[in-house]
Amino acid sequence: MSGDAYNVPIRVTLNGEATSADSFEDVEVCIGNVRKSLSEKTLSFDAEKGVFLLPLTQKETFGLHGRERMNLRCKFSGGNVVGLDLGVVNFKAAISREVL
């Protein structure tokens, strides 16, 4: 729902193998008008669970409405950049517009 705040876990695998943050020079995740990346320290990696964590604040989710596409781009140390479509997330409108 718009107005919620939470971490979105994202697992990236290469050829069926789990990856770590060390596998990439940078990783960027975009959803709607929100952009976060490892290099800017707005995206993190949970090594214990093996997932990237995309933190969304209440203010950010208030800006997301309806169906929003989410994608991820990985930059490898060799310079290659590969994008992945992570699908669509549906944000239902909240009645309240107050940040708690």
Side-chain angles (χ1 to χ4, degrees):
M1 178 175 287
S2 65
D4 290 355
Y6 47 86
N7 285 318
V8 178
I10 301 169
R11 183 175 314 279
V12 177
T13 59
L14 295 172
N15 300 321
E17 298 292 321
T19 60
S20 70
D22 296 336
S23 302
F24 309 102
E25 186 175 316
D26 199 5
V27 175
E28 169 192 75
V29 178
C30 295
I31 181 168
N33 60 351
V34 177
R35 178 192 172 276
K36 309 252 177 151
S37 72
L38 274 179
S39 63
E40 295 172 358
K41 298 187 183 347
T42 52
L43 181 70
S44 62
F45 187 77
D46 182 332
E48 185 177 310
K49 294 181 181 174
V51 296
F52 290 96
L53 295 174
L54 170 66
L56 294 174
T57 66
Q58 285 186 288
K59 186 175 179 179
E60 288 168 335
T61 62
F62 272 133
L64 300 171
H65 303 288
R67 297 171 54 84
E68 299 281 2
R69 294 214 66 79
M70 184 163 55
N71 64 55
L72 176 139
R73 293 189 322 145
C74 303
K75 181 176 183 182
F76 296 91
S77 56
N80 291 340
V81 177
V82 176
L84 302 168
D85 181 7
L86 300 179
V88 174
V89 179
N90 189 25
F91 287 88
K92 297 188 188 293
I95 294 171
S96 170
R97 302 298 293 173
E98 294 295 319
V99 172
L100 300 177

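Quantities reported herein were computed from a predicted structural model and do not represent experimental measurements. By convention here, the first residue in the shown sequence is residue 1. Heavy-atom basis, side chains included; hydrogens, waters and symmetry copies ignored.
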Which ILVMFWY residues can you reach from [X] by hopping between side chains whose heavy atoms are under 4.5 Å apart?
| X | value |
| --- | --- |
| V99 | F62 |
| L100 | none |
| L53 | V51 |

Hydrophobic clustering (ILVMFWY, side-chain heavy atoms < 4.5 Å, transitive) - are [Y] and [X] grouped together?
| X | Y | result |
| --- | --- | --- |
| F45 | V82 | yes |
| L84 | V29 | yes |
| V81 | I10 | no |

**OP:** With the side chain counted from C-beta on, respond yes when V27 and F52 share a heavy-atom pair under 4.5 Å apart, and no when they do not.
**Re:** yes
Subject >> Student check: side-chain heavy atoms of N71 and C30 closer than 4.5 Å >> reply: yes
Subject >> Backbone N/O of G3 and side chain of Q58: donor-acceptor pair under 3.5 Å >> reply: yes
Subject >> Exercise: identify the closest heavy-atom pair between V34 and L56 >> reply: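 Scanning both residues, the minimum pair turns out to be CG1-CD2, 4.0 Å.
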**OP:** Quick one: closest heavy-atom pair of T61 and D4, and the distance?
**Re:**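 Shortest heavy-atom separation between T61 and D4 comes out as OG1-O, 2.7 Å.
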What side-chain donor-acceptor pairs closer than 3.5 Å can you find for residues 15-22, not counting sequence neighbours?
residue	atom	partner	partner atom	Å
T19	OG1	V12	O	2.8
S20	OG	D22	N	3.3

Show me the donor-acceptor pairs, under 3.5 Å and distance only, between side chains in residues 86-95 and residues at least two apart or in other chains.
none

Original post:
Measuring from L43:CG to N7:CG, what's the distance to the nearest 0.5 Å?
Top reply: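 Reported value, rounded in 0.5 Å steps: 10.0 Å.
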Subject >> Pairs satisfying salt bridge (charged side-chain N to carboxylate O under 4.0 Å, His left out), at least one member in residues 75-90, at least two apart >> reply: E25-K75, R69-D85
**OP:** Sorted by first residue and then second, give each side-chain hydrogen bond (donor to acceptor under 3.5 Å, both in side chains) pair with at least one member in residues 26-40; sequence neighbours left out.
**Re:** D26-S39, E28-R35, E28-R73, R35-E40, K36-E60, S37-S39
Original post:
ring pair (Phe, Tyr, Trp, His ring centres under 6.0 Å) with F76: which residues, sequence neighbours excluded?
Top reply: F24
